[in-house]
Amino acid sequence: MTTRMFARRVALAGVALTAVLGLAACGSTEHGSPSHDEPAAAGTTTAGTTTAGATAAGTPTRGAAAFGDADVMFAQMMIPHHRQAVEMAELAETRAAHPEVKRLAAAIKAAQAPEIATMTGWLTGWGRPVPSPAPGHGHGMPEMDHEMPGMMSEAAMTKLAGARGVDFDRQFLTMMIAHHEGAIAMAREELAAGTNPAAKALAQQIATSQQGEIDQMRKILAGL
């Protein structure tokens, strides 16, 4: 066999091998094995959650953190809950007599107002309704049938607003302790059922900081 004929046969064998490999690759794709170039559907996880960058049309953006119903409920409930705490803290500015009550009220307002803004941003980014500001007991979302623990009634808020001095301090501390206990219960629900890392981190922060404030308020109340 001449060198020229041998080279021709090698070339023909190579063409045949390439064709076989190409058919095998096509067959594996057609039978449901995705290629490595095909990304997983954006916005889904094995748990069925969606991503935090969901648009109004329902198409989530790629690469955002996952969130679930528990995360949405946590934000939608905690926003009006925080709003009421801020409202109570603002009453203390002009009505409280004990300097520690005024200091604590200022700290509560300084901590919870930015948290409201943070959770509002989450809901907006997730394409979920943000509770509208509502005075007193209302949370601005009539469709929400989940009771928020620790929320004060409109009558209780009206009574607090009418108090002054030591009487205000006692009412404020008693109400805020109950309010904080409700927030901690909601935070624990998020820690148990939530999926969004940022929401769970905030829930842990709320549980820790508000428990510390409860301890402070009980000490102040015992001394009045």
Side-chain angles (χ1 to χ4, degrees), residues 39-89 104 107-134 136-152 175-217:
T44 59
T45 69
T46 54
T49 56
T50 54
T51 60
T55 65
T59 303
T61 58
R62 203 177 293 269
F67 70 94
D69 290 343
D71 304 307
V72 174
M73 181 66 72
F74 169 70
Q76 288 180 333
M77 292 174 63
M78 195 62 80
I79 287 173
H81 203 272
H82 271 23
R83 283 175 180 155
Q84 189 177 68
V86 170
E87 182 183 352
M88 293 166 65
L104 184 64
I108 290 171
K109 181 178 178 180
Q112 296 196 23
E115 290 173 355
I116 291 170
T118 295
M119 290 183 286
T120 299
W122 290 345
L123 291 173
T124 301
W126 295 341
R128 298 297 188 267
V130 176
S132 59
H137 183 257
H139 49 58
M141 295 187 68
E143 68 275 15
M144 286 176 59
D145 56 3
H146 197 309
E147 186 66 25
M148 288 174 283
M151 285 289 282
M152 298 296 115
M175 291 169 63
M176 192 63 82
I177 288 171
H179 204 270
H180 273 24
E181 288 173 341
I184 291 172
M186 291 159 59
R188 287 175 177 165
E189 288 183 10
E190 166 63 15
L191 289 171
T195 57
N196 183 266
K200 295 186 76 169
L202 179 58
Q204 183 60 66
Q205 177 180 314
I206 288 171
T208 301
S209 63
Q210 295 201 18
Q211 183 58 57
E213 290 173 348
I214 287 173
D215 294 341
Q216 293 178 46
M217 288 187 286

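Note that the structure is a prediction, hence the values are computed from the model and not measured. Residue indices begin at 1 and follow the sequence shown.
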Within this structure, what is the [atom1]-[atom2] distance for the pair [X] and [Y], rounded to the nearest 0.5 Å?
X	Y	atom1	atom2	answer
M77	M186	CE	CE	4.5 Å
L123	T118	CG	OG1	11.0 Å
M148	Q76	CE	CD	10.5 Å
I177	H179	CD1	NE2	13.0 Å
L202	M78	CG	CE	7.5 Å
Q211	Q216	CD	CD	11.0 Å

Is there side-chain contact between [X] and [Y], with heavy atoms separated by less than 4.5 Å?
X	Y	value
I206	F74	yes
Q112	Q210	yes
W122	V130	no
V86	I108	no
E181	P149	no

Can you name the residues that form a side-chain contact (heavy atoms from CB on, under 4.5 Å) with K200, not counting sequence neighbours?
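If we apply the side-chain contact (heavy atoms from CB on, under 4.5 Å) test to K200, skipping adjacent residues, the hits are E190, L191.
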Is it the case that the side chains of E115 and Q205 hold a donor-acceptor pair, with the cut-off being a distance below 3.5 Å and no angle test?
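Yes, E115 and Q205 have a side-chain donor paired with an acceptor closer than 3.5 Å.
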Is a side-chain donor-acceptor pair under 3.5 Å present for E213 with S209?
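No.
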List the residues meeting ring-ring contact (aromatic ring centres under 6.0 Å, His included) with H82, not counting sequence neighbours, and say none if there are none.
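Not a single residue meets the ring-ring contact (aromatic ring centres under 6.0 Å, His included) criterion with H82.
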Of the non-hydrogen atoms in A203 and A187, which two are nearest, and what is the gap between them?
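So the two residues come closest at O-CB, 3.3 Å.
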Which atom pair, heavy atoms only, marks the closest approach of P131 to P80?
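For P131 versus P80, the nearest heavy atoms are CG-CD, 4.0 Å.
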Backbone N/O of [Y] and side chain of [X]: donor-acceptor pair under 3.5 Å:
X	Y	value
D71	N196	yes
R83	H81	no
Q84	M152	yes

